[in-house]
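First the structure, in the form of structure tokens, and then the observations on it.
A, B, ... follow the sequence lines: proteins, then strands. Residue 1 opens every chain.
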Amino acid sequence: ATSSASKSTFLPCVVGDVGGFNDHSFNELSLEGVQAAAKQIGTTAKKVQSQTSTDYAPAFASLVAQKCNSIVAAGFQFGDPLVASAKANPKIDYVMIDNTTTPELPNVKDVVFKTSEAAFLGGYAAAAYADSVSKTPAVATYGGQKFPTVTIFMDGVADGVAYYNTQKKKSVKLLGWNVKSQNGSFVGNFTDQNKSKQIASGFLDQGANVIIPVAGSLYQGAYKAIGSGDAVLEGVDADVFQSDATVKDKILTSIVKKVDLAAQTATSLAASGKFDNSTYIGDLKNGGVALAPFHDYESKVPSSLSSELDTIKAGIIDGSITVDSPAATTLK
Amino acid sequence: MSPAGGVPVGETGMAGAGLDPESIPPEERARLPKPPERGPIGSTLIAIRDGNALTTILAVVIALVVGAILIAATNPTVQSTAGYFFARPTDMLSAIWACVSGSYLALFQGGVYDFSQANPLVALQSLGHSIGFATPLIAAGLGIAVAFRSGVFNIGGQGQVLMGAAFAGYVGFTWDGPPIITLIVAVLFGLLGGGLLAGLVGVLKARTGANEVIVTIMLNYVVYYLLDFALQTPLLQDPKSVNPISPPENANAIFFNVLPAEYHVNIGFVLAIAATFACSWLLSRSSIGFKMRAVGENARAARVAGIEVDRVFTAAMVISGVLVGFAGVYQVLGTTTTGFTSGVDAGIGFNAITVALLGRSRPWGVFWAGILFGVFQAGGYTMQAAQNVDINAVQVVQSVIVLFIAAPPLVRWIFRLPQPKGVVA
Amino acid sequence: MTATTTEPAATATTTKGVSYKTPIALGAFALLAILLFVVFGRDGVSTFSFAQSGTVALPDVRFPVRGTGVVVAVIAVLLAVVAAALVRLRGASSRWLVVVFALALVVGFLAWATAGQRLPIIGLLTGSLALAAPLIFGALGGVVSERVGVVNIAIEGQLLAGAFVSAVLASVTKNLFVGLVGAVIAGTLVSFVLAALSIKYVVNQVIVGVVLNVLVLGLTTFLYQSVLIPATDTLNQPPTFSNLPIPGLSLIPVLGPLLFDQSIVTYLMIIAVFVVWIGLTRTRWGLRLRAVGEHPQAADTVGINVARTRFWNVALAGAIVGLGGAYFTLGSVGAFSQNITSGAGYIALAAVIFGRWDPLRASAAGLLFGFASQVANILGIVGSPVPSDILLTLPYVVTIVAVAGLVGRVRGPAAAGRPYVKG
Amino acid sequence: MRLELSGITKAFGALVANDHIDLTVEPGEIHCLLGENGAGKSTLMNILYGLLRADSGEIRLDGVAQHFTGPGDAMRAGIGMVHQHFMLIPVFTVAENLMLGHEQTKAGFLDLPAARARVQEISARFGFDLDPDALVEDLPVGVQQRVEIVKALSRDAKVLVFDEPTAVLTPQETDELIAIMRQLRDAGTAIVFITHKLREVREVADRITVVRLGKVVGEAEPTASNAELASLMVGRSVELTVQRAPSTGGDVGLQVAGLSVLDAAGQIVVDDVDFVVRRGEILAIAGVQGNGQTELTEALLGLQDDVRGTITLDGRDITGASVRQVLDAGVGFVPEDRQEDALVAEFSIAENLMLDRSDGAPFVKGGAVQRRDLESFATATVKEFDVRAQGIDTHVGRLSGGNQQKVVLARELSRDLRLFVAAQPTRGLDVGSIEFVHERIVATRDEGVPVIVISTELDEVAALADRIAVMYRGRIVGIVPGDTSRDVLGLMMAGELPDDVRTAA
Ligand SMILES: Nc1ncnc2c1ncn2[C@@H]1O[C@H](COP(=O)(O)OP(=O)(O)OP(=O)(O)O)[C@@H](O)[C@H]1O
Ligand SMILES: Nc1ncnc2c1ncn2[C@@H]1O[C@H](COP(=O)(O)OP(=O)(O)OP(=O)(O)O)[C@@H](O)[C@H]1O
Ligand SMILES: [Mg+2]
Ligand SMILES: [Mg+2]
């Protein structure tokens, strides 16, 4: 919608959800994406973080008042306030991350992710690794709170582990999540590191070899639970090996959801006047979600794993392997 | 703000862990209003006469200075110019001036009056936003204050807001009834929700002696997780969403605007004003209010005088819960009408404690304290957006202001002001 | 009724005066037990595992779930009846009876919930202690502060400040003990504000506490985001205390890993519990502290400086709570992260009251809460049929039930919350 | 040690509580301070003890000027004080209370055995019987007062202040205390003794100083008559004994049969009590504090949980009725502890006057307080009962004890009564106030209301009673006529009923 804006005056903006811009998750990544785009354009982005989960409208209003040209918002609760703001400000381009909005507006772009596809690979890799290091292999996952953006990871992981078991006729256990009953282990928030640590310890007691905490920065608690033990972690959202050097020695791999890339791309498009309202679905095919490299574990995972993962990835892309997640049902 | 009206009083049931007549320092005592309680105008006049308005203004001044230090210290321009301060001090000083004045202007523009707008009516929309934030805080603050005055310490605001929101929200999205009636029914259900939860606490306290501080803290968590659960079941979840969010409210259940839509001032605010009048009447003129205050001040004497203390506790909790529940109602029918989540309480339950205490548990004190908080919240967003001030810094400035407002003796000491007139000791 | 029909009072039956609260509570639980363990009984075997590394492992205990459920339900009913009988005869039920009842029910519930699974008892207990540790520190600080007459709502803020400062100082100096000292100082500083405002400037203690929590949360989050995050390597990467097994003792089955294979912070906590307990009851410090909290004017008349006593003991309380803050970082996960305490201070506040302002009972209340949380964790881990959100309410519900059913009316320090203003 | 106070002035805001007071107390002298409620006696003593700082004036001990910053300094200088209101920690034991502030320790721990020994030693010296391990809150007030006295004595003070210690003591206990004071005086201690009981003053004083409105108005001789002392104190002449006609003895108003009360711990505190009170008569219930009188009144009012037996008022059974029902049945009640049980300190006089009529007529209509009615009622009542206050909006907590008591009386007596129960109605009041209270009680009787007066004060019992019931260990030892001699009553209060005594049941 904004085509007249020249590069120097274009003002990209971002709204964060209550978790804050340092959540090691979608807020942080969307800010990074917008800031990266701003740097490219040669400007600085404005950011506003909601103080509570009901005042999204004022957050938008304050950015509108700053004369932002594009606004990126991440978090499912933003949906309707964003639509309302977009309706009132047709000249501003809006990017809605992790949610699909109705009705379709010309200046709103939805960004969603088939996270379960990457998580499937993550689950498979975890199972393979666990199987290679233990006679009683087990993979554990737990969440911060039971949000679909969280459980979609857990679904994918569970399917991946199950796929490994059927393919290899093994019985790698999955702890912490039951796809069928959609019930599992949760911290109850995204801040209680001590509790996260105790839950991870509990999984270690149950013999977990790989732990996948889907809980923002709470993987730090899990890292401490492992201590000098042999178990490893899988990161989520970002490639945690790169984003948090303090834990990289235990990061087997990460299930990456490229919110940053999506935010950056959409912002750049808006700046260059090429913004469109088509929904972006990040998946394995377009690289919107991915399994990060094994980095230091490259040599410790079974040598055939990489090629197996490539095959599975191809299978998922061509549809021969399906990943089910109730949480993904709205992703057209 | 009108701190003219004494201080919150009464055994808090935290076994004396609260606010007792004894806790009133002599100089406060001397300023205790003589009953009858006055309306807003009267107490403002008294406040000015007694010099309270002055200490309040000075408190805000100190807090703003503290906030300015915080804002300046974390401003990137200030930091970079500090590197060569001795070479060219003016750079840093002007950077400080720029960020501090800019931030506070933004706060004012976002919270009270946006003078960058030519049209004064448009400029006043900021105040409308603040009122939107203030409304639930006033209602919940009144609830906490009523409990306080009766000697019960209600920390269960969060749970009661959630209950109010869930009950009202449920009616609002399931029943597409006629205008007004739907709204009334939804509101009443919400009040019922808050009242039920708080009433449970009251009954537990009356029957088993269970300390209300523990029970309310625990119930906050219980209600939160139960609501989160319900939001994942067909009971409350929007069938169109996979997310734990409720369906949007039906149009007839939504608080209608009383000013042009841009002002975001709806009937909820009118109801909050009405609630303030009602509480004022309740506490100073009604029989039940009289009993509540008697129990709050001296439960033993109240019992000897034939007042059924346990019943009064329970009644106070229920009234408190109803008022706090209204904050929840406002959240779903006034603020986020497009579907609520388990975060719908928006921290109101806890902020309301501060609002109540800041307003010294007097209804009109609570009202103005709520407005002040509303201004901060609305202005806080503009501060963030315009000056890139961290939301947490805004929170710190708010807290500092509250502390200073609550401590007139400290402010007087800082400014070497004399004791107000007519004070003993 | 006439004078002649009035029995000598001691043997007469009454409806008022004696409390049937406990038997009623037990009865309700017995019904619940029947419902859960018998009506909704599950099949399979639950294995309570005592496996632990490096010590003499006890053998596993296996419970056939249905049978265990029935037995527990029967025991529960019997004990409830006995309790009612005791109240009728003696006017009060026995504390031991309640303990046995609770144990039976816990075993029954754990067996029921882990049917077909393995329940690691050691992990359950050590995890409980780990979750309880900051609560216990917080509760001890709360007890000290409130016993001297100052209501401490600011426990949450003190914990958070302790967690923040200890992480930063330990990172910068690479020295854990400097971190601990930092935590103590941070907690004390928060206390200074509480003490100065509430004692010297007679500001309402509750308001100061509530606002301090908001202030510290805002400040630490702000500093975390603007200062720590950009310099994680230097400012927020503290070492953590490793466990120091006490030779010999740590080999004792169950108790060894629980009590004698812990980090310094946990040992400090255990020591603190006993020091505060003995100190409060047996020393001059404790006597004066309690006197000031009960009747400041009386303390004044015997030459005790009330304001000073309050000020320094509130500071001490902050120091203790600050150590609890260090538990979150140096004692548990190392790095600070935003709102890492997640409301532990409010739970500790509840533990203070639940524990009737007594250090031992308050610590026990903290342990109960930690235990209930860890039970919920483990049930989530082994995969229980209960939805996760419902499981998460477990510790809170347990607390409410315990407070309403077993504790009842409590009386705190008489002068807590009241500033002392000399005439 | 010789104590000299000179020019002591202390103002609380506009109120000058002490106005250039001079006072000298010689060693080996018992110096009585007399004055009506609020005259400034306690203020003066609190200044001496370092609890308050004087605005001007000087304290000299043996000629040396003192500068006390707190009670610690005063104690070190050799001053001891028994305060008007108990300064004991209720949840501490006697020994702990005694050691507080100057604790002995052994290896860092409190040396409780030493404290116990000290309690026993001092109690033995003065002939008390104190259990060092008893919790103070469990002790009857008389015994608590002994603890206070032991506390004051334990530091071997050279100047001892007793601020109204006898208000809560029985005659026997008072006599014991007087003996102790004499013993101390003879050992050379300088003693200041404050009391409102003129009998005690004349019995023990070596010198008497009278204070009025913060100023010393003169000295009196111990030989002065009660009437002289009283008029010096109050500034007018006071009727020391109320004029009353003999009881007319109407129908039975209240009948209590087989009444027993059990406390929370299941102990019997009122044991199978029977009595009646007729319309137009005053039944005084005498006895040493803590023999069940408090519980008896509370049982009548519905304030006790565990009550057996029957209470019949005008033929209606009110056993087990709630407080509300009892009040509505026409019972007026003046509780023993006015500040804790009768008044809400932060409420105004007017609000306190409607405290027990907070539902329904005359002050509440349709759930709303009828403020105009209340105001006119309060204005009239304050005038009628001569409550000295700035206005009906004054907080009751700021009134003197005597005026507070008048507010309670006014409230209870302005209802239509069928029974009036007054517990310790004049405790701590000055003679002027006592005169007033007694007059009102007698007037109530004369209107035909049955009245129960609970008092530990034999003077009061003698002044008011038509009949006297004496309680001992929860039982009524006997009911005797109002003119029964003090000696007999004294015996009865110890549980003995002499054979030759006429009973009047
Ligand atoms: N802390 C205080 N603040 C304000 N005024 C006070 C205070 N203490 C005492 N007063 C005032 O000083 C006057 C003298 O009080 P004081 O306690 O000395 O009387 P008193 O002679 O001891 O009376 P009583 O015989 O009843 O004990 C009172 O009338 C009261 O108005
Ligand atoms: N904060 C205050 N402001 C004004 N007056 C006060 C205050 N506190 C106490 N007083 C007054 O101080 C005086 C002394 O208090 P105290 O409790 O000794 O009462 P009193 O007159 O001695 O009555 P009593 O006979 O019951 O002992 C009272 O007159 C009381 O009204
Ligand atoms: Mg006095
Ligand atoms: Mg007095």
Counting heavy-atom pairs under 4.5 Å with chain B, which one of [options] comes out on top?
{"options": "Leu212(C), Val214(C), Val210(C)", "value": "Val214(C)"}
{"options": "Leu391(C), Val227(C), Ile347(C), Val211(C)", "value": "Val211(C)"}
{"options": "Val216(C), Ile400(C), Val397(C)", "value": "Ile400(C)"}

With respect to chain C, which residue among Gly209(B), Ala393(B), Gly347(B) yields the maximal number of heavy-atom pairs within a distance under 4.5 Å?
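Looking at each option in turn, the highest pair count goes to Gly209(B).
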Could you tell me how the ring of [X] sits relative to the ring of [Y]: parallel (under 30°), tilted (30 to 60°) or perpendicular (over 60°)?
{"X": "Phe148(B)", "Y": "Phe153(B)", "answer": "parallel"}
{"X": "Phe311(C)", "Y": "Phe192(C)", "answer": "parallel"}
{"X": "Tyr396(C)", "Y": "Tyr221(B)", "answer": "parallel"}

[atom1] of [X] to [atom2] of [Y]: how many Å apart, nearest 0.5 Å?
{"X": "Thr216(B)", "Y": "Leu200(B)", "atom1": "OG1", "atom2": "CG", "result": "11.0 Å"}
{"X": "Arg147(C)", "Y": "Asn313(C)", "atom1": "CZ", "atom2": "CG", "result": "12.0 Å"}
{"X": "Thr341(C)", "Y": "Leu217(C)", "atom1": "OG1", "atom2": "CG", "result": "7.5 Å"}

Between [X] and chain C, which part of the residue has a heavy atom less than 4.5 Å away: side chain, backbone, both or neither?
{"X": "Gln232(B)", "result": "side chain"}
{"X": "Ala206(B)", "result": "backbone"}
{"X": "Ile217(B)", "result": "side chain"}
{"X": "Val400(B)", "result": "both"}
{"X": "Leu219(B)", "result": "both"}
{"X": "Val402(B)", "result": "side chain"}

Please state whether the side chain, the backbone, both or neither of [X] comes within less than 4.5 Å of a heavy atom of chain B.
{"X": "Leu392(C)", "answer": "both"}
{"X": "Leu219(C)", "answer": "both"}
{"X": "Phe369(C)", "answer": "side chain"}

Do Tyr224(C) and Phe164(C) have ring centres separated by under 6.0 Å?
no
Flag side-chain contact, heavy atom, 4.5 Å: Arg418(C) against Pro296(C):
no
Please test Tyr346(C) against Asn213(C) for side chain to side chain donor-acceptor pair (under 3.5 Å), starting from the C-alpha separation and ending with a verdict.
CA-CA 10 Å; Tyr346(C) 291 98; Asn213(C) 288 341; 3.1 Å; yes
